[in-house]
Amino acid sequence: MIGAGGVATVAAFKIAQNADIFTEFMIASRRKEKCDQIVKAIDKAQGHPSHIQTAQVDADDVEQLKKLFNDYKPELVVNLALPYQDLTIMDACLACGCSYLDTANYEPKDEAHFEYSWQWAYKERFEQAGLTAILGCGFDPGVTSIFTAYAAKHHFDEIQYLDIVDCNAGNHHKAFATNFNPEINIREITQKGLFWEDGKWVETEPLEIHRPLNYPEIGPKESSLLHHEEIESLVKNYPTIKRARFWMTFGQQYLTYLDCIQNLGMSRIDEIVYEAPLADNPDQKVKVKIVPLQFLKAVLPNPQDLGHDYDGQTSIGCRIKGLKDGKEHTYYIYNNCKHQDAYQETGMQGVSYTTGVPAMIGAMMFFKGLWRKPGVWNVEEFDPDPFMEQLNKQGLPWHEQIDGDIEF
């Protein structure tokens, strides 16, 4: 597993809990001490040594990755690093004969733009190598795509309308903080919205379209339309979809701070030159290049540290309308996750938990031979049933409403 943030911490805890499947396990990251801290926390929770190995690696460096993979010889590499590093890790996997799994699609570091085309381009190379690449195995993307596949398999002949709805009704009691990597989070929500309708993509201004939606056990929350990657693969794999959209909740305080960050130029991802005083000679200055958003990330609260005071819950699911035996039906499938339950189990908050658990389950599906075929695949292209069964067993139980009154 590459990465040692909040999602990786949860995934590591769950991998350790399923040691009958995951018999040998290594955590690697740019800072080995972070990997060691995860292992120490797991050992303390379990009350015995877990024998998890750790290593240092720069995931931007293909040669470093290749050396690590050739030394350890992993069967599967779980990429929980940054989306910028997807392609270098995939290159190293191909070179070393390792299969691959991630939770977020590639985006270039110098442009806030993400789509699957870069990774789909690897399909033939993974096929020829006899290796499996599983894309987008978090919650959204991930579980939301598997929910859609499950609905298509069991409840619909034809899916026509899909709304993916993501609500975080938790409170971390900070003035401003992001629930996962601040750089990735702010890049995602400040770019233009995008949804699929009548065979084409419709673009909106950032957070332009918003409305209150009701969430189970939570109630109404203002929800904004975003561009989100799983829509791209779902409309490709389910061509009967007439409209597909992604909605996410944001509190007013969060939006106010975000507006201020943008107006101040702190969401910029281009380099600027800053004259910094030398530590040993403050009168002398040296020019350094910094990226404002990366600097902002350094001063914001670390998402890994939010869990202790986080209360409330998330609610993420799919609202679907379509045809079965020629008749129109609606279907709502969702999971609610309490932040404090996640914290008590793993020391991380619910947003990390809802992404880290599915990453582990996807790896489990691979090792059980259920999701293993040469090529590059999005999760909805596999059988959803064994994954859905594990969600209930591994801490993310799902619920469904059939033919209820669903807001669209």
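Here the structure is a predicted model, which means the values were calculated and not measured.
Contact record, Tyr332 with Ser315: OH-OG, 4.4 Å, taken as the closest heavy-atom pair. Closest approach of Tyr72 to Glu24, counting heavy atoms only: OH-C, 3.3 Å.
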List the steps, then state whether side-chain contact (heavy atoms from CB on, under 4.5 Å) holds for Met1 with Met26.
CA-CA 6 Å; Met1 182 181 81; Met26 173 184 276; over 6 Å; no

Report the C-alpha distance between Lys236 and Trp120 in whole Å, list the side-chain angles of each, state the deciding distance to 0.1 Å, and finish with yes or no for side-chain contact (heavy atoms from CB on, under 4.5 Å).
CA-CA 12 Å; Lys236 171 177 170 280; Trp120 285 344; 3.6 Å; yes

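For NZ of Lys67, the number of neighbouring non-hydrogen atoms (other residues, nucleotides, ligands) closer than 6.0 Å is 12 at most. Under a cut-off of 6.0 angstrom, the local environment of NZ in Lys123 is crowded, with over 12 non-hydrogen atoms contributed by other residues, nucleotides or ligands. The number of heavy-atom neighbours closer than 6.0 Å to NZ of Lys153, taken from other residues, nucleotides and ligands shown, is above 12.
In this structure, Tyr343 has its ring center at least 6.0 angstrom away from the ring center of His339.
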Can you list, pair by pair, the side-chain donor-acceptor contacts under 3.5 Å of residues 212-222, counting residues two or more places apart and other chains?
from   : atom 1 : to     : atom 2 : distance (Å)
Asn214 : ND2    : Glu407 : OE2    : 3.0
Tyr215 : OH     : Ser223 : OG     : 2.8
Glu222 : OE2    : His210 : ND1    : 2.7
Glu222 : OE2    : Arg211 : N      : 3.4

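Not counting sequence neighbours, the partners of Pro386 by the side-chain contact (heavy atoms from CB on, under 4.5 Å) test are Met365, Leu370, Asp383. Gln17 is linked by a side-chain hydrogen bond (donor to acceptor under 3.5 Å, both in side chains) to Lys14, Glu345, counting only residues two or more places apart in sequence or in another chain. Scanning for side-chain contact (heavy atoms from CB on, under 4.5 Å) contacts around Leu391 gives Val143, Phe147, Ile361, Phe387, Met388, Leu396, Trp398, with sequence neighbours left out. Listed by chain and residue number, Glu389 satisfy the salt bridge (Lys or Arg N to Asp or Glu O under 4.0 Å) test with Lys393 (two or more places apart in sequence, or in another chain). Applying the side-chain hydrogen bond (donor to acceptor under 3.5 Å, both in side chains) criterion to Glu208, with sequence neighbours excluded, gives no partner residue.
Within the model, atoms CZ of Arg243 and NZ of Lys321 stand 7.5 Å from one another, a figure rounded to the nearest 0.5 Å. To the nearest 0.5 Å, atoms CG (Asn335) and CG (Asn392) are separated by 9.0 Å.
Looking at Gln128 and Glu124, their side chains do bring a donor and an acceptor atom within 3.5 Å of each other. Using modelled atom types, one finds no donor on one side chain facing an acceptor on the other under 3.5 Å when comparing Tyr334 with Asn336.
The aromatic rings of His227 and Trp201 sit perpendicular to each other, their planes meeting at more than 60°, with 30° as the lower class boundary.
Look at Asp91 and Arg125 and you find a salt bridge, because one of the NZ, NE, NH1 or NH2 atoms lies within 4.0 Å of a carboxylate O, short of that distance. Salt-bridge formation is not detected for the pair Lys373/Glu381: no Lys NZ or Arg NE/NH1/NH2 atom is positioned less than 4.0 Å from an Asp or Glu carboxylate oxygen.
No side-chain donor-acceptor contact under 3.5 Å links Thr88 to the backbone of Asp61.
Evaluated for a side chain to side chain contact (heavy atoms under 4.5 Å, CB included) with Leu234, the options Ile159, Ile164, Thr144 yield exactly one hit, Ile164.
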